[in-house]
> 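Can you keep this structure in mind? I'll have questions shortly.
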Amino acid sequence: MTAIKNIKVINYSLCFIYSCLVVFFIAHLPIVFISVLALLCAWNFYVTISNKTKPNAWLANALAALALGLMLFSVGFSDTVILFVAMLLLSSLFKLLQAKTKKHYHVITTLTFFSLSAVYLFNQSILTTLVVSSLYILNFAVLGLLESKHNLKVASKQSGKLLLLALPLAVFLLIFLPKMPAFWQLPGPKLAKTGLSEQIDPFDIAKLSNSDELVFRAKFNDLAPKDPLYWRALVHDEFNGNAWLTSNLLKHNSVTQTETQQVSSLTKYDYSIIAEPSSQKWLYGLNFATSNNDNVESDSLGLLRKKNYQAKSVQYTASSSALTNAPLLQWQTKHYKHLVNNDNNKASALAYNLKQNLTSDRDFYNALLQYFIDEKFSYTLNPTPMSGNNTIDQFMFEQQRGFCGHYASAAAYIFRSAGIPARVVSGYLGGELNTDNNTLSVRQYDAHAWVEVYLDNEGWQIFDATAVVAPDRLTGSLSQNNELNNEFKSNLDFGLVSLSNFAAINWLRLELENLDYKWSSWVLGFDDEKQNDFLKSIFGSKNIWLVPLAVIVILGLTFVSYFVYLNWPKPATKLAPMVKEFEQLINWAKKRKLKIADHLTPTQQLQHLASQAPHVEQQLLEFSQLFNQVRYAKKPFNKERKTQAKYLIKLIKSTKQRNL
């Protein structure tokens with residue numbers, strides 16, 4: 001079996017790559033399984049650094065079987081993409097633990113390319129791209145080390161050059177190669193672990209205040225509408241006694257062409273959105289939203305949906321108008337008033353008492369708002385847990401402090417108890433404005449729930465008790481709310497947002513967000529529609545046939561140029577160590593009219609020169625000794641010896657000049 005050169009460097013490099021992958025997948029794999037992967041990385045590193053024998057096949061296979069069982073138990077079968085990634089990482093690390101031949105390492109480096117590519121299933125940001133590209137370069141360097149005697153630095157430079165050579169061609173193909181639908185693709189992973197749900201429990205919304213995960217970015221074509229900005233995602237129209245649900249009736253509603261045209265004529269503002277990858281189908285829009293994008297559909301409630309479940313970034317334009325004021329049909333009125341029998345008797349009684357002596361639904365609307373003011377309800381990100389079948393009564397008459405979900409759930413229940421049509425809406429409120437690009441960044445902690453209530457002669461109106469309980473929350477983002485700042489920062493997971501009190505860190509965060517927005521908009525969002533517009537601006541709509549011709553010509557020229565480059569006469573071979581320095585002394589001797597004997601060896605030649613120039617004899621003999629160490633004793637021509645050689649040459653030349 002042929003020994004592999006640089007075996008330690010190869011093992012260290014692969015351990016480093018998989019350690020980075022383990023760190024990345026911490027957020028997506030169970031902590032138990034992550035611990036197994038981390039132990040395997042540490043074991044591989046320990047075996048390499050201590051020169052220990054790798055485990056035999058029997059032991060490795062037994063451990064692999066145990067790890068596989070643990071993986072299936074902890075990861076499960078609900079998400080096939082996560083399961084695929086977990087199996088890929090586990091098999092690669094066990095293969096590395098057993099690798100002994102070139103064939104083994106070739107298999108591992110090939111699997112590593114797939115492992116690195118799997119990162120893009122979960123994140124496609126510019127930072128992720130830069131990190132993964134660096135690991136690609138390192139993996140290519142490992143592949144090169146298997147077939148050469150170079151060190152890691154040289155191999156990395158070569159792989160980096162190949163990447164830079166391929167980059168212009170990749171950019172050209174991205175812009176000009178027609179966007180073709182995928183022949184096959186993996187389903188997207190279920191990324192929305194902390195996102196909204198079709199069942200809204202007050203505490204589920206509260207939990208989102210712990211996450212600073214980006215949900216979407218929005219940019220208005222003209223001036224943005226005034227605050228508050230209610231980004232609608234889901235409507236919940238059924239109450240089961242504890243939580244609000246989205247009924248099957250609303251899940252399958254759709255909008256007709258006539259309705260779309262009517263809404264378009266009432267449009268008040270236009271905007272574009274880049275939504276982050278999510279396995280959920282819902283998207284985000286203000287008030288009654290519609291979209292003409294091919295991959296987005298609108299329903300009769302003014303909600304936006306993806307047309308498929310691909311877990312990738314979605315960029316779309318939308319138009320919004322006021323919520324509809326059309327009269328409700330009889331079945332709709334009955335549906336939005338319906339309540340199941342439950343134990344929230346006090347809340348029902350409150351609705352009855354408030355409605356006494358009131359002449360309109362609008363008066364009841366105002367009376368309920370005033371009730372929240374008079375009873376001094378408060379807003380908190382850390383609500384007290386409640387259980388039982390009368391949680392609305394507990395909130396309204398005992399706790400009187402809660403998150404938006406508590407107020408929305410209670411208010412919708414009270415409206416229905418009073419015979420007024422109402423529904424709960426979940427989505428996001430506000431957003432943080434980045435003045436560098438005029439975009440709003442909306443994050444999970446901006447999740448919000450409110451009520452839409454139908455008032456006679458007014459139509460659907462937003463009722464949000466937050467407006468009187470915590471009015472500052474209606475402007476900007478939760479991260480910018482001074483009143484809730486301490487609670488917010490203490491709840492939030494560690495990240496740049498949690499450190500935004502420091503001006504320098506906050507500036508860096510906004511700059512990185514601006515850069516990531518441009519990446520998402522220009523690169524990830526460069527779809528077939530944008531490509532067609534770009535190509536038409538260059539070639540015109542009548543000369544679009546020139547595009548495939550240009551692609552063929554450029555590709556042909558590229559391959560021809562590369563062929564010429566490979567066959568172009570190479571420059572002279574690089575001189576061996578100390579040869580260049582020796583020739584410098586020979587040239588010095590010729591200029592000083594010293595005798596050069598061609599038949600002498602380099603060592604004899606230096607001694608011959610020393611006999612002719614006794615004032616630098618010592619320096620010439622020292623150089624001769626250094627020359628013998630490098631050329632004959634095979635000592636490395638390291639930085640120290642290079643410095644010594646340059647110093648001796650400089651000393652010889654300067655001494656000669658002073659003595660002439």
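All values derive from a computational prediction rather than experimental measurement.
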> Would you say D446 and S477 are linked by a side-chain donor-acceptor pair, where the criterion is simply a distance under 3.5 Å?
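A pair is found: one side chain offers a donor N or O, the other an acceptor, under 3.5 Å apart.
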> Main chain of K219, side chain of T439: is a donor-acceptor contact present, judged purely on distance under 3.5 Å?
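No; zero donor-acceptor contacts below 3.5 Å.
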> Verify, without hydrogens or angle tests, whether W231 (side chain) and G430 (backbone) share a donor-acceptor contact under 3.5 angstrom.
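Here the side-chain-to-backbone pair exists.
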> Out of the candidates I137, L130, T129, V131, only one should pair with S133 under the side chain to side chain contact (heavy atoms under 4.5 Å, CB included) rule; please name it.
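So the option named by the test is T129.
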> Counting distance only, does the side-chain N/O of N11 pair as donor-acceptor with the main-chain N or O of I7 below 3.5 Å?
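A pair under 3.5 Å: yes.
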> For S291 and T317, indicate whether the former's side chain and the latter's backbone hold a donor-acceptor pair under 3.5 Å.
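Checking the backbone N and O of T317 against the side chain of S291, a donor-acceptor pair under 3.5 Å is found.
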> Could you tell me whether a side-chain N or O of T246 sits under 3.5 Å from a main-chain N or O of V235, the two making a donor and an acceptor?
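At least one qualifying donor-acceptor pair exists.
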> Should the ring pair H28 and F24 be called parallel, tilted or perpendicular, given that the plane angle runs from 0 to 90° and is split at 30 and 60?
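Aromatic pair H28/F24 classed tilted.
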> Between R232 and G427 (side chain of the first, backbone of the second, donor and acceptor by atom type, cut-off under 3.5 Å), is there such a pair?
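Checked: no pair found.
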> More than 12 heavy atoms of other residues, nucleotides or ligands under 6.0 Å from NZ of K8: is that the case?
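Counting other residues, nucleotides and ligands, NZ of K8 exceeds 12 neighbours.
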> Between K102 and L146 (side chain of the first, backbone of the second, donor and acceptor by atom type, cut-off under 3.5 Å), is there such a pair?
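Here the side-chain-to-backbone pair exists.
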> Taking the inter-plane angle between the rings of Y136 and F113 on a 0 to 90° scale, is it parallel (under 30°), tilted (30 to 60°) or perpendicular (over 60°)?
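Rings of Y136 and F113: parallel, as their planes differ by under 30°.
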> When you measure from the side chain of K306 to the backbone N and O of L283, does any donor-acceptor pair fall under 3.5 Å?
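No; judged by distance alone, with no hydrogens or angles, the pair does not exist.
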> Relative to each other, are the rings of Y12 and F45 parallel, tilted or perpendicular (30° and 60° limits)?
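Plane angle between 30° and 60°, so tilted.
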> Output yes when a side-chain donor or acceptor of K95 lies under 3.5 Å from a complementary backbone atom of H104, and no otherwise.
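No, K95 side chain to H104 backbone: no donor-acceptor pair under 3.5 Å.
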> Within this structure, what is the OG-CD1 distance for the pair S35 and I26, rounded to the nearest 0.5 Å?
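Going from OG on S35 over to CD1 on I26, the span is 9.0 Å.
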